[in-house]
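Notes follow the structure.
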Number of protein chains: 2
Amino acid sequence: MRQVAIIGIGQTAIDEAWDSSLRELAGNAVLSAMHDAGRETTASLFVGNMMSGIINGQNNLGAMLADWVGLRGAEAVKIESACGSGGAALRAGLMAVASGDVESAVVVGVEKMTDRTPHEVTAALATAADADYEVDMGVSFVGLNALIMRRYMYEYGWKHADFAPFAINSHANAMHNPFARLHQKISVEDFEKSAMIATPINLLDASPIGDGAAAVYLVPAGSLEAGAPRVVIAASAACTDTIAVHDRADALFLTAAQKSAQEAYKQAGVMPKDIDVFELHDAFTIMCALSLEACGFAERGKGVRLALDGEIGPKGRVPICTRGGLKARGHPVGATGIYQVVEVVQQLRGECGPTQVDGAAIGMAQNIGGSGATIVTHILKKE
Amino acid sequence: MRQVAIIGIGQTAIDEAWDSSLRELAGNAVLSAMHDAGRETTASLFVGNMMSGIINGQNNLGAMLADWVGLRGAEAVKIESACGSGGAALRAGLMAVASGDVESAVVVGVEKMTDRTPHEVTAALATAADADYEVDMGVSFVGLNALIMRRYMYEYGWKHADFAPFAINSHANAMHNPFARLHQKISVEDFEKSAMIATPINLLDASPIGDGAAAVYLVPAGSLEAGAPRVVIAASAACTDTIAVHDRADALFLTAAQKSAQEAYKQAGVMPKDIDVFELHDAFTIMCALSLEACGFAERGKGVRLALDGEIGPKGRVPICTRGGLKARGHPVGATGIYQVVEVVQQLRGECGPTQVDGAAIGMAQNIGGSGATIVTHILKKE
């Protein structure tokens with residue numbers, strides 16, 4: 001496999017984009033990434049998306065989008081791994097370039113979720129879980145995460161307020177990200193008083209849905225001028241776990257996150273301590289704790305400690321969600337994995353202003369599909 | 001890129017499988033392919049599927065299926081290109097193995113369509129077309145193909161009965177395929193008297209939906225014993241065209257089929273005359289004619305001639321749909337592309353009984369998503 005570099009990034013501001021269609025959102029991100037890369041075309045297009053068939057009545061997104069952005073004729077395909085679709089699409093584009101099959105690829109993640117009622121969107125999100133053995137029993141996706149969070153609190157003795165620093169950090173960082181969905185500082189009091197969704201998960205534990213698209217432009221690293229600064233994909237690893245949470249021997253450990261992170265560390269030749277910035281999948285605050293533990297940044301049951309000790313901010317020991325995370329940048333599900341990678345690139349390029357991690361040279365993005373069922377980890381390096 | 005071989009195939013009989021779930025269908029095909037390959041596991045799983053989110057309330061198919069078939073932990077992902085999802089998934093699996101990232105992959109196509117009403121399935125199928133500029137105007141997927149067929153008949157002077165040999169050939173061949181949906185010989189009279197669906201397409205112009213799954217097992221060709229007989233993937237090429245038919249300069253020519261076939265011929269170092277068997281995408285009889293023309297087997301407007309001259313049967317000059325094609329083997333949309341590849345492998349292995357093409361050594365499978373929007377072509381060779 002040849003090494004692959006990311007030479008362009010693009011993203012739309014996450015919002016309720018009632019004046020933009022699915023194709024316009026995705027197209028704008030693709031064109032931004034091409035512009036940023038200084039390229040006018042690409043050999044192939046990979047689209048990460050979860051629910052356009054259900055929500056937008058549109059499948060065949062690859063062809064639809066290639067047509068729209070002026071890439072008629074190019075190879076184009078959609079990849080779906082629920083909320084992990086973006087990360088999975090990046091892996092597919094990476095394989096195509098790394099294998100030598102194509103000389104360039106644009107990978108775009110897109111989701112347009114706000115055209116339907118909350119009830120319809122909740123039902124669509126539940127397709128990430130096990131239809132036969134979870135959803136058919138009446139549990140929603142937030143419900144599954146609530147069960148995990150309650151058990152975690154019981155096992156390790158944390159109280160709900162202990163999770164506040166995760167949400168507070170994400171909201172604080174999003175204040176400096178013009179593409180973020182929420183620009184609103186929150187306090188511990190706000191967190192505790194927030195409306196209950198599914199006990200113990202309240203509104204400020206949960207990431208907001210939204211409409212958005214993000215894209216990256218990939219080329220073989222060897223095709224770039226020698227010596228020029230570049231961001232390369234140093235590792236890419238995907239693993240699965242049981243789709244149903246109840247089938248796991250231990251519902252409080254993200255086995256697939258551990259496996260894919262370990263595999264990624266091996267590929268990149270790094271250890272957790274070498275990761276300068278970690279864009280993790282904070283769909284719910286409980287997922288922050290579980291991700292930090294599974295990836296080797298905290299011991300079992302101690303992920304919350306890291307946040308309480310102030311170590312997760314941009315100047316902390318393990319900076320996470322530096323652009324707002326899913327919690328405040330927003331979670332347009334199929335696009336999220338690419339937003340994470342775009343944000344790591346921004347950190348490695350030093351473009352993050354007040355939330356810039358000093359000297360960031362190695363960053364990790366981890367995207368989760370389902371309640372830990374599909375986990376894709378990428379490590380990027382500045383060279 | 002290293003060369004990749006197909007060492008195992010599996011398929012379920014296409015039917016209204018009311019007693020099998022989506023996971024059971026797909027799982028049975030995966031396990032059959034692993035058994036056929038003599039392997040007990042695989043490093044990665046690629047799932048081709050179009051509409052499980054809409055029809056079955058299930059996304060995250062990769063994780064769901066890996067879990068079900070005992071591959072917990074393995075990389076697993078779903079690829080969607082409408083009715084071309086199977087071919088696109090094969091390409092994704094091929095890239096993963098060819099790049100050196102994994103040492104084996106199972107690619108499975110699956111669709112379970114008969115649990116919903118015909119109206120719901122028709123709406124789900126329409127997501128392959130342009131939601132904003134075709135479907136929103138009220139046209140269905142069969143309606144789009146009917147417009148193309150009518151124009152073709154007008155431009156080239158063919159009458160409806162001239163398309164009968166395509167359907168008759170597929171039905172005749174399916175009689176010898178135990179996995180086919182329809183086992184029913186038809187005559188020109190049957191064809192002409194069949195119920196009208198969308199003028200000029202009648203029931204016997206159109207392929208039936210169904211529930212089914214098919215799978216192939218991929219390994220690097222270099223990992224196999226030297227000199228032993230093998231089936232290798234000699235070419236793989238995907239191209240797109242406009243998603244909306246009305247955006248094409250010429251609605252009667254499958255530009256993406258031509259481009260992907262030409263690219264595949266180049267990769268494999270062959271010409272159309274070298275193709276011993278061609279499993280084409282006969283979703284409607286008109287697509288047989290257009291595919292034969294775009295891929296260089298007939299001149300523009302003369303695809304029908306080839307069928308009328310008796311050249312498309314297993315003993316003809318251009319054998320197509322040798323196991324029944326979409327028309328009679330059946331068209332479980334996201335699975336179809338893998339059924340086609342499985343059938344080409346059967347031909348190259350000489351396992352097709354009365355519809356065996358004598359001395360078949362090179363076969364082509366072409367899978368179409370939308371009305372010619374996404375086209376994936378694979379050429380397999382017996383070595």
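Residue numbers begin at 1 in each chain, while the letters A, B, ... track the order of the sequences. Values reported hereafter were calculated over all heavy atoms of this structure, with side chains retained and with hydrogens, waters and symmetry mates removed.
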Kindly list each side-chain donor-acceptor pair under 3.5 angstrom involving residues 136-145 of chain B, sequence neighbours excluded, with atom names and distances?
unit_1 : atom_1 : unit_2 : atom_2 : d
B:S140 : OG     : B:G143 : N      : 3.1
B:N145 : ND2    : B:F141 : O      : 3.0

Name every donor-acceptor pair, under 3.5 Å, that has one atom in a side chain of residues 59-71 of chain A and the other anywhere in the protein, sequence neighbours excluded.
unit_1 : atom_1 : unit_2 : atom_2 : d
A:N59  : ND2    : B:T127 : OG1    : 2.8
A:N60  : OD1    : B:T374 : OG1    : 2.9
A:N60  : ND2    : B:A128 : O      : 3.2
A:N60  : ND2    : B:G369 : O      : 3.3
A:D67  : OD1    : A:R72  : NE     : 3.3
A:D67  : OD1    : A:R72  : NH2    : 3.2
A:D67  : OD2    : B:I243 : N      : 3.1
A:W68  : NE1    : A:R23  : O      : 3.3

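Neither the backbone nor the side chain of B:A123 comes within contact range of chain A, judged by heavy atoms closer than 4.5 Å. With a 4.5 angstrom heavy-atom cutoff, B:S21 touches chain A only via side-chain atoms. Heavy-atom distances place no part of B:R2 under 4.5 Å from chain A, backbone and side chain included. With a 4.5 Å cut-off on non-hydrogen atoms, A:N49 does not touch chain B at all. Interface remark: A:S52 contributes no atoms to any contact with chain B (heavy atom separation under 4.5 Å). When heavy atoms are compared at a cutoff of 4.5 Å, A:V135 does not approach chain B at all.
Most heavy-atom pairs under 4.5 Å with chain A: of the set B:D132, B:N56, B:T255, this distinction falls to B:D132. With chain B as partner, the option from A:A244, A:G53, A:S44, A:A256 having the largest number of non-hydrogen pairs under 4.5 angstrom is A:G53. For the set A:R91, A:Q58, A:M51, the entry with the most heavy-atom pairs within less than 4.5 Å of chain B is A:Q58. When A:E80, A:M50, A:E75 are compared by the number of non-hydrogen pairs under 4.5 Å with chain B, A:E80 comes out ahead. Chain B forms the most heavy-atom pairs under 4.5 Å with one residue out of A:G73, A:G57, A:A82, and that residue is A:G73. The choice from A:L22, A:D130, A:I79 that makes the most heavy-atom pairs within less than 4.5 Å of chain B is A:D130.
Below 4.5 Å, heavy atoms of chain B meet heavy atoms from A:A238, A:C239, A:T240, A:D241, A:T242, all part of residues 235-242 of chain A.
B:M1 meets the side-chain contact (heavy atoms from CB on, under 4.5 Å) test with A:S99, A:D101, B:M95, B:A98; sequence neighbours excluded.
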